[in-house]
Undergrad: 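Before I ask anything, let me first share the structure, which is written out below as structure tokens.
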Amino acid sequence: MRKHYILQVIGLIIVFIIAFNSCKKDEGEKTPTASFTYSPSTIYNGTTVNFYNYSEDAATYRWSFGDGQTSDEYEPSHEYSSAGTFTVELTAYSPSGNKYNSTTKTVTVTERNPIASFSVSTSYPSTYESVSFTNSSSYASSYLWNFGDGSTSTLKNPTHYYSTTGSKTVKLTAYSQSGNKSDYTTKTITVSSSSSKGDLMFWTDASTIYNITVTFRSVSKTITSYYTSTPSYCGSSGCATYWDVPTGTYYFTASNYLYDWSGYVTVYSGSCTKMLLYAKKGEKQAHPENQSTDKLELGIDE
């Protein structure tokens, strides 16, 4: 019994000594001073903010960024997804963790102005042909499309078809996250009847003038070989072929290291127009197969 009592007393003495030494250690420990700055000074949603720690007499840290996110890093980086005013708090802890100090700063995040931008799979569709719209807008969260025929969409990347022919102005409006800022852009689409398309092929019959770059409806293709007679079909090897062209009369240009050509060519529904680019001494000419030369033959003096 006496032995058990002595052991209890010794245990209490040991606990007291440990507690006493701990208190003495804390008494000699300095209280940290929390301090920090951040950059950049102008912050937009989506911008990375860097925090710089200038705390003293601290060993560990706790950051609260005011948007529900935290960090225990010494100098963290953070990105605010939305605009607003946020209170950032840094708490610096002493090595023992028993002493700490906190400081706060206000971070103002400004909403960016959206930039509307898009592209289309084709600017010359036929009726009931599916047209894909690819949205490349920046700093936007929602969208409104007006397809120019009374139809609209709020999808980011919609598809659409037109039931009527004619010129359609497509408008994309891009809105910021809050909806308070917006930007728009437009493109023109020309819709033709699904039965009103033909093909067009440019070719040459002279071995000395091939490698001709043809530009037609803003698309460039190259004639890489020549034929001694009219090629039998559209898409013949080495020719510059344009498929499914809406019927009509168009301006084109062509050139190589020796010659330049330009003029007009008419595309007819359901047929292949074969445009011959040829050169004679002292002149540059283009001639379409099976079309009236008084309208389409092109002679240009050097």
Undergrad: Should side-chain heavy atoms under 4.5 Å link Ile, Leu, Val, Met, Phe, Trp and Tyr, which residues sit in the same cluster as Tyr54?
TA: Tyr52
Undergrad: Sorted by first residue and then second, give each salt bridge (Lys or Arg N to Asp or Glu O under 4.0 Å) pair with at least one member in residues 165-186; sequence neighbours left out.
TA: none
Undergrad: Write out all pairs satisfying side chain to side chain donor-acceptor pair (under 3.5 Å) with one or both partners inside residues 80-92, taking only residues at least two apart or from two chains.
TA: Thr91-Ser102
Undergrad: What pairs with Arg62 under salt bridge (charged side-chain N to carboxylate O under 4.0 Å, His left out), at least two apart in sequence or on another chain?
TA: Asp72
Undergrad: Quick one: disulfide bond (SG atoms under 2.5 Å apart) pairs with a partner in residues 34-76, sequence neighbours left out?
TA: none
Undergrad: Taking only residues two or more places apart in sequence or in another chain, which ones pass salt bridge (charged side-chain N to carboxylate O under 4.0 Å, His left out) with Lys197?
TA: Glu129
Undergrad: Could you name each residue pair satisfying ring-ring contact (aromatic ring centres under 6.0 Å, His included) that touches residues 162-195, not counting sequence neighbours?
TA: His160-Tyr162
Undergrad: What residues join Tyr93 in its hydrophobic cluster, counting side-chain heavy atom gaps under 4.5 Å, either direct or through other members?
TA: Tyr100
Undergrad: Got a sec, which pairs hit salt bridge (Lys or Arg N to Asp or Glu O under 4.0 Å) with one end in residues 212-236, sequence neighbours left out?
TA: none
Undergrad: Output the rest of the hydrophobic cluster of Tyr44: all Ile, Leu, Val, Met, Phe, Trp and Tyr residues reachable through side-chain heavy-atom contacts under 4.5 Å, sorted by chain and number.
TA: none
Undergrad: Just to verify, what does Thr241 make a side chain to side chain donor-acceptor pair (under 3.5 Å) with, not counting sequence neighbours?
TA: none
Undergrad: Quick one: list whatever passes side chain to side chain donor-acceptor pair (under 3.5 Å) with Ser55, sequence neighbours left out.
TA: Asn53
